[in-house]
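Shown next, in C-alpha cells, is the structure this report addresses.
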Amino acid sequence: MIYLLLSILSSTVIFIVFRLYKKYGVNTLQAIIVNYFIACIVGFFGYIESVDDIVRIPSEKWFLGTLILGALFITVFNLAAITTQRSGLSVVSVATKMSVAIPVFFGIFIYNESLGFLKVTGIILALAAVYLSSIKTKKGISIKKENLIFPLLVFVGSGIIDTTINYLENFYVSETDVGLFSSSIFGIAGIIGTAILIGQAVLGKLKITWKNIAGGIALGIPNYFSIYFLVMALRSPGFENSVIFTLNHVGIVLASTILGIVLFKEVLLKKNWIGIALAVISIILVASSQ
C-alpha cells in the first residue's frame, strides 16, 4: 500500500509543477521533453548497477513495449495540448482521468479479477467523482462536434498507456528490472520529443531558455517515481490491478483538488465538493472490496 501512496504523492507533485508552469511562463513542450530525459537519468543512476544493464535493454522482451509507450507518451501529450486549445483544460482533465475505465475493464474482463457489488459501486462512484471534480465551470464542458475526436484520442491513449504498463509488468518485467523498464520508457519519449524540437529549430521556431530546462528538471523527478511506484504498487500482494488503478486515479484527483485549495486558493463549485465526497466514498468501497 505504501507504493500506491507514493505513486499518488508523486503524481500530485506533477500537478503542482504544471500549475507553476503557467505562473512562470514555462514552455510546456520543451519542459516535457527535458523532463523525459531527467526521468530517464534518475532511473539509470538509481537502479542500474553497470553498463551491461543498459546494453541489454534492446534484447529484453519488454523493449518493444517501451518503444510503444514512449511514442504514446509524447503523442498523448500533444493531443492533450490540442484538446486544451480547442475545448479547454477541463475537457483534457476529464478525458485523462476517466481513462482509468480502460485498465479497470481489462483487469476485470481479461485478467478475470473479482467483480463484487462494493467494487462495482466504488468504480462507478469513482468515475462520477473524477468527472465532477474536474469541471471548473458552472456550465460544465462543451465540445464542438468537429473537436470531439481529440478528447476521445486522449481518453483512449491514456487508457492504453496504463493498460500496456500493466500488461508488461504482469508478463515481462522482473522485479529487479522495474527501474530499467521505467527509465527506458522516458528515454524513448525524450528521443522522440527531441526530433520534434529539431523540426522546430529547422523552421526557426525554437527558443530554449533556462526556465524551460528548470521546469523539465522539476517535473522529471516526480514523473519518474509516479511510474516506478505505480508499477511497484501493481505488484503488491492482496490487491487486484483494477483496484490499484481505481484507487490511484481517485487518490490523485482528491489530493490534487485539496492542494489546489490550499496552495492556489482555488474556489470550488458545489459539483466539485460533491466530487470530493464521492471520491472518499469510492476509495472506501473499492478498498473494502478486497
Side-chain angles (χ1 to χ4, degrees), residues 1 3-5 7-8 11-12 15 76 80 83 87-143 148 151-167 170 226 230 233-234 236 238-261 268-290:
M1 202 67 175
Y3 287 121
L4 177 60
L5 293 174
S7 177
I8 292 171
S11 298
T12 305
F15 156 78
V76 171
T83 304
S87 303
L89 189 59
S90 291
V91 175
V92 174
S93 182
V94 170
T96 303
K97 293 168 184 173
M98 293 285 280
S99 68
V100 69
I102 296 177
V104 167
F105 173 87
F106 270 80
I108 294 172
F109 295 102
I110 304 301
Y111 301 137
N112 297 315
E113 295 182 357
S114 64
L115 190 63
F117 175 76
L118 286 180
K119 188 174 185 179
V120 172
T121 304
I123 290 172
I124 293 173
L125 290 179
L127 294 175
V130 165
Y131 177 81
L132 292 172
S133 299
S134 301
I135 305 302
K136 302 301 181 184
T137 62
K138 292 183 178 179
K139 295 181 180 180
I141 59 176
S142 177
I143 309 172
L148 185 60
L152 286 176
L153 288 174
V154 170
F155 170 81
V156 173
S158 299
I160 290 175
I161 287 173
D162 283 341
T163 304
T164 304
I165 289 174
N166 186 21
Y167 175 78
N170 269 322
S226 69
L230 175 60
L234 290 169
S236 301
F239 285 93
E240 294 176 332
N241 291 344
S242 55
V243 170
I244 293 295
F245 277 116
T246 302
L247 294 178
N248 185 64
H249 276 65
V250 177
I252 293 168
V253 169
L254 188 58
S256 299
T257 302
I258 292 172
L259 280 177
I261 298 171
L268 300 189
L269 302 173
K270 183 179 179 180
K271 65 181 71 176
N272 300 143
W273 287 111
I274 295 174
I276 291 175
L278 291 179
V280 173
I281 296 171
S282 70
I283 289 173
I284 293 172
L285 292 177
V286 173
S288 300
S289 69
Q290 286 294 101

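- Rounding to the nearest 0.5 Å gives a distance of 5.0 Å between CG of L268 and CD1 of I276.
- Expressed to the nearest 0.5 Å, how far CD of E240 lies from OG1 of T246 amounts to 10.5 Å.
- Under a cut-off of 6.0 angstrom, the local environment of OH in Y3 is sparse, with at most 12 non-hydrogen atoms contributed by other residues, nucleotides or ligands.
- The two atoms that bring G122 and L285 nearest to each other are CA-CB, 3.9 Å, heavy atoms only.
- Residues E113 and K119 are in side-chain contact: their nearest non-hydrogen atoms beyond the backbone lie under 4.5 Å apart.
- Annotation for T83 and V91: closest pair CG2-CG1, 3.8 Å, computed over non-hydrogen atoms.
- Pairing each heavy atom of S114 with each of I108, the nearest pair is O-CG1, 4.1 Å.
- Between A126 and S282 the shortest heavy-atom distance is N-CB, 3.6 Å.
- Residues V100 and D162 have side chains not in contact (no heavy-atom distance under 4.5 Å, counting atoms from C-beta outward).
- Of all heavy-atom pairs between V92 and A80, the closest is CG2-O, 3.4 Å.
- Put simply, the side chain of I8 does not reach to within 4.5 Å of the side chain of L247, judged on heavy atoms.
- Under the side-chain contact (heavy atoms from CB on, under 4.5 Å) rule, V104 has a single partner from N241, V243, I123, T163, which is I123.
- Going from atom OG1 of T12 over to atom CD1 of I258 covers 9.5 Å, rounded to the nearest 0.5 Å.
- What you find for F155 and M98 is that their closest heavy atoms are CE1-O, 3.3 Å.
- Contact check for N166 versus F245: side-chain heavy atoms found under the 4.5 Å cut-off.
- For the pairing with V94, the side-chain contact (heavy atoms from CB on, under 4.5 Å) check across V130, L132, V154, I135 returns one residue only, I135.
- Using modelled atom types, one side-chain atom of S7 and one backbone atom of S226 make a donor-acceptor pair closer than 3.5 Å.
- L118 places none of its side-chain heavy atoms less than 4.5 Å from the side chain of V286.
- The stretch residues 92-107 participates, sequence neighbours left out, in these side chain to side chain donor-acceptor pair (under 3.5 Å) pairs: S93-K97, S93-S134.
- Proximity of F15 to L259: side-chain heavy atoms (C-beta onward) are separated by under 4.5 Å at one or more points.
- Side-chain contact between N170 and L234 is absent, with no heavy atoms from C-beta onward closer than 4.5 Å.
- In this view, Y111 satisfies the ring-ring contact (aromatic ring centres under 6.0 Å, His included) rule with no residue, not counting sequence neighbours.
- Rounding to the nearest 0.5 angstrom, the gap separating the CG atom in N248 from the CG atom in L5 is 10.0 Å.
- Remark: the S133 side chain and the N272 side chain contain no N/O donor-acceptor pair separated by less than 3.5 Å.
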